[in-house]
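Numbering of ligands and ligand atoms starts at 1, following listing order. The chain is numbered in sequence order, starting from 1.
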Amino acid sequence: MRITVLGKSPAWQDAGGACSGYLVEESGTCMLLDCGNGVFAKLREVRDYVDVDAVIVSHLHADHFFDLVPFASALTYAPRWHPAPVDGRPGVEVPRPALHVPGGAAAALRRVCAGGGMPADHVEGAFALREYEAADALEIGALRVRFHRVPHFVATHAVEIAGATGRMTFGADHGPSAELVEFASGTDLLLLEATLSQPEPAGERGHLTPAEAGDHAARADAGRLVLTHISDELDQGWARDQAAEAFSGPVEVAAEGAVFQV
Ligand SMILES: [Zn+2]
Ligand SMILES: [Zn+2]
């Protein structure tokens, strides 16, 4: 399984960066995990978007799904679907990738599209949309997918993706969670957000510090830890060191364009 970081920025992009998005490939299956702002342009740098078999969205915060709108526009309006008419030319078959979104997301996507001046069914028309529940298990080509709810400000799911040679666990956005540790137990690659420089001072927790991400990786006995959803305004070496104090395995900070083999 090959994982390419398309976007690792938090809710505001790094300089030249993109929000949450990862390309996961295995034996001819191509899956996009999250599709935040800027991710569609990053996808186009490494793959033709028509090669994406399925998109999975962890939760409906803008930085994890906003680029579904331009992705849908490409699948609807790109010139390749409307070639100059030639007599006898066979019709062009427009692909309709699978889109797996949390329960209730279809209605939210209709509101976003309509509010943005697009037809309300702009995304639903371009993708084969299906709402998933936390208990669902999906088989997408050569990849198997499981979910687990994590504590965040909206319904959010950690995503496990297993291929022929190993498995990766993506925490999405979440505050400290013993359940995430259990869900990720023994995973080969743990991809955890490390958005905060300090824990939120009060109220509901919804994100992690790098040290907390390291602690989760240690308790999950992960093979390696990749910190993500981390701003270029935060010192990346400091973040790595903070995580490494808690987790003795390999720790890296995600960079856009980085490739991980699992
Ligand atoms: Zn979020
Ligand atoms: Zn986020």
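Note on ring orientation: taking the six-membered ring where Trp is involved, the planes of Y49 and F40 are tilted (angle from 30° to 60°).
For the Zn ion (ligand 1), the neighbouring protein N/O/S atoms at less than 2.8 Å, given as residue and atom, are H59 NE2, H61 ND1, H152 NE2, D173 OD2.
With hydrogens and angles left out, the side-chain atoms of T76 and H122 include no donor and acceptor closer than 3.5 Å.
Shortest non-hydrogen contact noted between K8 and S231 is NZ-C, 4.0 Å.
Residues in residues 182-191 take part in these side chain to side chain donor-acceptor pair (under 3.5 Å) pairs, two or more places apart or across chains: T169-T187.
By the neighbour-count criterion of 12 heavy atoms within 6.0 Å, atom CZ of R96 is densely surrounded, having more than that number from other residues, nucleotides or ligands.
Closest approach between the Zn ion (ligand 2) and any N/O/S atom of H229 involves NE2.
You'll find the ring centres of H152 and H59 inside the 6.0 Å limit.
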